[in-house]
Structures are given as C-alpha cells and as structure tokens.
Chemist: 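The structure is given below, and queries will be raised subsequently.
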Amino acid sequence: MPIAADAITEARAQGLGPLDYLRQRGYVQDVSDPEGLRRAFAEGVVTAYVGFDPTAPSLHAGHMLGMMMLASLQRFGHRPIALGGGGTALVGDPSGKTSTRAIVSEAEIRSNLERILPQFARYLDFEGGRWGGNPPALLLNNADWLLELRYIPFLRDIGRYFSVNEMLAAETYRTRLESTGLNFVEFNYRLVQAYDFLHLFRTEGCALQMGGSDQWGNITAGVELIRKADGGHAFALVCPLLTTASGEKMGKSEGNSVWLDPELTTPYDFYQYWINVDDADVVRLLRLYTFLPEKLIVELTAATGEGLREAKRTLAREVTALAHGQDAVDAAEAASRALFGGAPDADDPNIPTTEISAGQAAEMTVADVFVVAGLVASRGEARRKAVEGALWLDGERVAEVDEPFRPGAADALLRFGKKRYRRIRIVFG
RNA sequence: GGGCAGGUGCCAGAGUGGUUAAAUGGGCCUGACUGUAAAUCAGGUGCGAAAGCUACGGUGGUUCGAAUCCGCCCCUGCCCA
C-alpha cells in the first residue's frame, strides 16, 4: 500500500512551511528571495508554476521533479499551474544544449500536449479539495497567448527591459557563443519565457516559478521583468539537476528515457527502473520522488548492503503508484516476484508479454523472436549476444540463434542479460 | 555581400584515392563476480546466414576504384562589410 501524502501532513503538524519542506527534501538549489517567499507562503495561497516542454509525446522521469514540487505545494494548500510549453517549444530553449534544437512542428506539439495531459492528473488535483482545502490545479498552454503576440508591441513593451550585455554574459548564452553559436530565435527564448511569467503574474496572480537549475537565468529574468514592467514581486526557485551516483542523467535506462506513458515504458519496466537504482541514490530519491515521511525514509535507509533492497522496493512501489496507480504496482510487483524470486515462474500473468501469431511463429528463428520481443535490436545483435551467453529461452542458455523457433508451449519466457525478461505468447487464429 | 575554415558512426574526433564498416576516447550493451547495487576484470557495439547491401551534409561528375579528387547546392563557425 502506498502511504498517502504523509510527509506533508507531518511537516504541517511540525509547523514546517512549504519552503522549509522543499529544502529538507532536497528540491531547493536556489531561491531568489527566501524570506519574502516564506512570508508569501505564510500569508495566503501562492500560485506557482512549472513549465513543461512538449517536444515528446510523453513526459519522462526527468519531468517528475517539477511535478513533485508542484504537487507538494498543492498539498500545502497552494495553487499549482502546470504550463505546457506549446508556444515556447516552437522557439526552443538553448539552455544546456550544445547544438540547436531540432525543430518540432506546431501540429506535433499540439498532439504531444494532448497526450501528456492525463499524466499531470496523477500528480495534481484539478478538482480541488483532495488534501483538505487545497485549490484546484490549473493546466495552461502558453501557445494560447504567445502565438498572438505582435512583434513590434512585444519589442517595445517587453524587449526594452532586457539588456543584451547582461544576456550575453549569462552562462547559457556565453557557452553557446563560444562553441556552436546561437541563432536569434534561441536568443529570444529568455524573453519569451520571462513574458510567460509576467502573463501568469497578471492573469493568474502567479508569483512563483520553479524549474531545474538550468532554468535559473530564464526564471529570474521573469522575476525581473515583473518588477520592471509591473512593479510586482515574484519569486524563483530551482531544484538541482539530478544525476545518478554514476553520473548519468536521472531517468535514462539503457540510453533511453523512462517515460510516464505506459505505452512507451511499461509500468513493469518503470517499476524495475527504480528497483535498480544505485545504493548511493536511494535516500535522495525517496525524498524527492515520494511523499514518505522523513522518519520512515531514515529507517528504511539505515540498512546497509543487501538490506537496502527493501528501501528500493519501497521507492519503486511509491513512485510507480504515483505514476501509474496502485493496480499497476501490484501487477509490476507480482511480475517481479515471479521473475526474480528464485526460479522464474513464466506463468505469472503480469509478466510483460509480446503476442505473435502461430503463422508468424512458424517462420521465425530464435533470433527473430528476440528481436520481436524488443530485447535486442537486430538478428545480428542476437547472434553476438548469444555468443556472449546473454540469451535465455525458458531457462536454457541459447546456443544457436539461427534455428527455427520451436517453443515447447504457447508461452515462452525470453531473457536477455541478467534481468530483462519478456514472454512470447503464440496466439492462434 | 566578401574572405577563411569546416560538415565523418550515439557523442567527441582521426583518416585526405584502394588493404577503411572507417583509428582512438567517451557512452552504451554483455559475460564473470554479486544483493535485480557498486567496484573490478574481460568481450562486444551498421544490416544481412552468406553473397552482399547501406553509411562519412546533398547532388552531379572524374576513376577500374572515392569519406578521400572536381563542379554545383545546403548548412555551421571565425573574420571583414
């Protein structure tokens, strides 16, 4: 069972405010005006936003930090806005990029946004009242106001507040200038994002923007714009950019992103991703990606060595429950137990399964089957990996990969490497 | 608009007529060891059973043969205007 939003109930009981909670959990790398923000939180409902770039048809694990920050604030009774960057994605943020971003079409961005919507609903409450008196979350798309902008008025009303000297001195732009250069569209990204913040400040009373630390410059640009244009007071808060203990970007698995869309990353694989994190990362991830109370986290991670696996299991369970719901957790756990609890039990219904027709199966070699299951990329790879002893079929090491596929039953359990399983099911008719 | 330097595999970066599916490094994958961890050591890393095919910005040539030479085009960086 996942434990509800208890870290926050606990924090509130201790009189801890949102800012200190976020700090304690490790979300805070930098805040523009901590005292002012603390006061704002204490005085009333604060509206805060995080922008999400819809350049892919799903959010991935890297976006979860932003959602967790919004979700935490909402549980404190504040008001989150998830902003789909339908307009900004057309511009392309040069931050942290060594080369110009691929251009994504407007239609693609729109369809991506639609597909992403339900993912927010798992983290945020769009109805309101789910955690006491919290206000409903809001989902907006900046294309709605950015695409209408007129160039000359924008330059005159917004552009005048930006100093080119200052922008050129900024880390993001400077590194790009020194390496691959920067085109004008990218140079404008900061203005556009700052304008978003101003727009939300005006229309929604939004006073806080959060994001990853690579967004610091863009976010504070918005804070300054709000001050210069409207004399308003707004805040910036950024979280550290997460890398795993081995230095990889968080949320990558086998070089691929871990997606929140179950079509792109099955809930089983999602669960497995969290089970497989490094020992050194568990505490931090529990704090950032779950709402488990601090005391429990400390207890769980007091263990050393193999004992940490229980903490990882809890992590996987909690994170998967948030992303996919409790049913998905149960299924993923059942499959994991079946596959990793001693001798793999191929009969468990929850093991991810690829179906092929009897007709197809009759014409396939063993290598083909591994390809179809998505475990290897090509027959050539299947062959190489078989030589290395990495392929297993129903518990037997595969020696000859070019032989016809003749399973002993309708179901066959494939395994690639130590821990990647997929069942092949032959269906008739 | 002018001058110069470039565009190579996931990334960085060699190669400047054949023996180059393309050095080297990183990344990634696998094996052994293990705890579905880390570290370490070893192997692999375009597709194809093979013949062969595809690949060095695009395109058209030269040549028995081109990533390598020539023409045109596109793109990037630097300098000048």
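Protein chains get the first letters and strands the later ones, always in sequence-line order, with residue 1 at the start of each.
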Chemist: Is the positively charged end of A/Arg75 above the ring of A/Phe291, judged by distance under 6.0 angstrom from the centroid and angle within 45° of the axis?
Modeler: yes
Chemist: Between A/Tyr27 and A/Leu288, is any pair of side-chain heavy atoms under 4.5 Å apart?
Modeler: yes
Chemist: Rounded to whole Å, how long is the line connecting atom CG of A/Asp368 with atom C1' of B/G48?
Modeler: 12 Å
Chemist: Over how many whole Å does the gap from A/Lys419 atom NZ to B/U34 atom C1' extend?
Modeler: 11 Å
Chemist: Over how many whole Å does the gap from A/Glu333 atom CD to B/U36 atom P extend?
Modeler: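 In whole Å, B/U36 P lies 16 Å from A/Glu333 CD.
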Chemist: With a 3.5 Å limit on both atom pairs, tell me what B/G1 is paired to, counting Watson-Crick and G-U wobble, or say none.
Modeler: B/C80
Chemist: Mind checking the P distance from B/A5 to B/C70? Whole angstroms is fine.
Modeler: 13 Å
Chemist: What is the pairing partner of B/G31, taking Watson-Crick or G-U wobble pairs with both distances under 3.5 Å in any strand?
Modeler: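 Because both required distances fall under 3.5 Å, B/G31 counts as paired with B/C41.
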Chemist: Check this for me: A/Glu127, atom CD, are more than 12 non-hydrogen atoms of other residues, nucleotides or ligands nearer than 6.0 Å?
Modeler: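 Not buried by this count: 12 neighbours or fewer within 6.0 Å.
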Chemist: Looking at A/Asp281 and A/Lys312, is any side-chain nitrogen of the basic one under 4.0 Å from a carboxylate oxygen of the acidic one?
Modeler: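 No, no charged N to carboxylate O under 4.0 Å.
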Chemist: Sticking with atom P, work out how far B/G13 lies from B/G35, rounded to a whole angstrom.
Modeler: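 That atom pair is separated by 43 Å.
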Chemist: Between B/G25 and B/C33, how far apart are the two P atoms, rounded to whole Å?
Modeler: 27 Å
Chemist: Evaluate the side-chain proximity of A/Met67 to A/Val50: yes if any heavy-atom separation is below 4.5 Å, no if none is.
Modeler: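 A/Val50 does not reach A/Met67 side chain to side chain.
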Chemist: Has A/Lys228 got more than 12 heavy atoms of other residues, nucleotides or ligands less than 6.0 Å from its NZ?
Modeler: yes
Chemist: Quote, to the nearest angstrom, the P distance that separates B/C69 from B/U8.
Modeler: 16 Å
Chemist: Taking the six-membered ring for Trp and the single ring otherwise, decide whether the centroids of A/Phe340 and A/Tyr421 are under 6.0 Å apart.
Modeler: yes
Chemist: Using purine N1 to pyrimidine N3 plus N6-O4 or O6-N4 for Watson-Crick, or N1-O2 and O6-N3 for G-U wobble, each under 3.5 Å, what pairs with B/A12?
Modeler: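 By the stated definition (distances under 3.5 Å), B/U24 pairs with B/A12.
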Chemist: Distance only, no hydrogens: is a donor on one side chain within 3.5 Å (strictly under) of an acceptor on the other, for A/Ser58 and A/Gln119?
Modeler: yes
Chemist: Applying the Watson-Crick and G-U wobble criteria at under 3.5 Å, what pairs with B/G71? Answer none if nothing qualifies.
Modeler: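 Pair assignment: B/G71 / B/U59.
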Chemist: Any salt bridge between A/Glu388 and A/Lys385, counting N to O under 4.0 Å?
Modeler: yes
Chemist: Step by step, work out the side chain to side chain donor-acceptor pair (under 3.5 Å) result for A/Tyr271 and A/Glu333.
Modeler: CA-CA 8 Å; A/Tyr271 177 93; A/Glu333 287 221 288; 2.7 Å; yes
Chemist: Whole angstrom is fine here: how far is it from CG in A/Asn276 over to P in B/C29?
Modeler: 11 Å
Chemist: Using the C1' atom in both, what is the distance from B/G15 to B/U68, to the nearest Å?
Modeler: 8 Å
Chemist: Looking only at non-hydrogen atoms, find the nearest pair between A/Leu264 and A/Arg115 and report the distance.
Modeler: CG-NH2, 4.1 Å
Chemist: Is B/U36 paired to anything, Watson-Crick or G-U wobble with both distances less than 3.5 Å, and if yes, which nucleotide?
Modeler: none
Chemist: Nearest nucleotide by nearest heavy atom, which residue falls closer to the 5' end of RNA chain B, A/Arg383 or A/Leu308?
Modeler: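 The answer here is A/Leu308.
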Chemist: Would you indicate what A/Ser336 reaches in the nucleic acid, counting non-hydrogen atoms under 4.0 angstrom: base, sugar-phosphate, or nothing?
Modeler: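 Since a base atom lies under 4.0 Å of A/Ser336, the category is base.
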Chemist: Round to the nearest Å and state the distance from A/Gln272 atom CD to B/U36 atom P.
Modeler: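 Value for this atom pair: 11 Å.
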Chemist: Quick one: do A/Asp345 and A/Arg337 make a salt bridge, cutoff under 4.0 Å?
Modeler: no
Chemist: Tell me the interatomic distance from A/Lys312, atom NZ, to B/U36, atom P, rounded to whole angstroms.
Modeler: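 Spelled out: NZ on A/Lys312 to P on B/U36 is 10 Å.
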Chemist: Could you identify the nucleotide paired to B/C64, looking across every strand shown and requiring Watson-Crick or G-U wobble geometry with both distances under 3.5 Å?
Modeler: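 Base-paired to B/G18.
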Chemist: Between B/A38 and B/C29, how far apart are the P atoms? Round to whole Å, please.
Modeler: 10 Å
Chemist: Whole-Å distance between B/U36 P and A/Phe340 CZ?
Modeler: 9 Å
Chemist: Taking the P atom of each, how far is B/C41 from B/G6, in whole Å?
Modeler: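 Taking atom P in both B/C41 and B/G6, they lie 39 Å apart.
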Chemist: When you compare the protein's N or O atoms with those of nucleotides 74-80 of chain B, which come within less than 3.5 Å of each other, and at what distance?
Modeler:
| from | atom 1 | to | atom 2 | distance (Å) |
| --- | --- | --- | --- | --- |
| B/G77 | OP1 | A/Thr180 | O | 3.1 |

Chemist: In whole angstrom, give the distance that lies between atom CD1 of A/Ile351 and atom P of B/U36.
Modeler: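 Going from CD1 in A/Ile351 over to P in B/U36 covers 17 Å.
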Chemist: Write down the distance separating the P atoms in B/G43 and B/U24, rounded off to the nearest Å.
Modeler: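 My reading of the P atoms in B/G43 and B/U24 gives 13 Å.
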Chemist: Provide the Watson-Crick or G-U wobble partner of B/A50, both distances under 3.5 Å; none if there is no partner.
Modeler: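 No nucleotide pairs with B/A50.
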Chemist: Are the side chains of A/Asp330 and A/Gln326 in touch, meaning some heavy atoms are under 4.5 Å apart?
Modeler: yes
Chemist: Atom pairs under 3.5 Å, N or O on each side, protein against nucleotides 30-32 of chain B: can you list them with distances?
Modeler:
| from | atom 1 | to | atom 2 | distance (Å) |
| --- | --- | --- | --- | --- |
| B/U30 | OP1 | A/Arg420 | NH2 | 2.2 |
| B/U30 | O4' | A/Lys385 | NZ | 3.2 |
| B/U30 | O2' | A/Glu388 | OE1 | 3.1 |
| B/G31 | OP2 | A/Lys418 | NZ | 3.3 |
| B/G31 | O3' | A/Arg397 | NH2 | 3.3 |
| B/A32 | OP1 | A/Arg397 | NH2 | 3.1 |

Chemist: Got a list of protein N/O to nucleotides 45-47 of chain B N/O distances below 3.5 Å?
Modeler:
| from | atom 1 | to | atom 2 | distance (Å) |
| --- | --- | --- | --- | --- |
| B/C47 | OP1 | A/Ser378 | OG | 2.7 |

Chemist: Is A/Glu396 atom CD crowded by more than 12 heavy atoms from other residues, nucleotides or ligands, each under 6.0 Å away?
Modeler: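 No, not enclosed.
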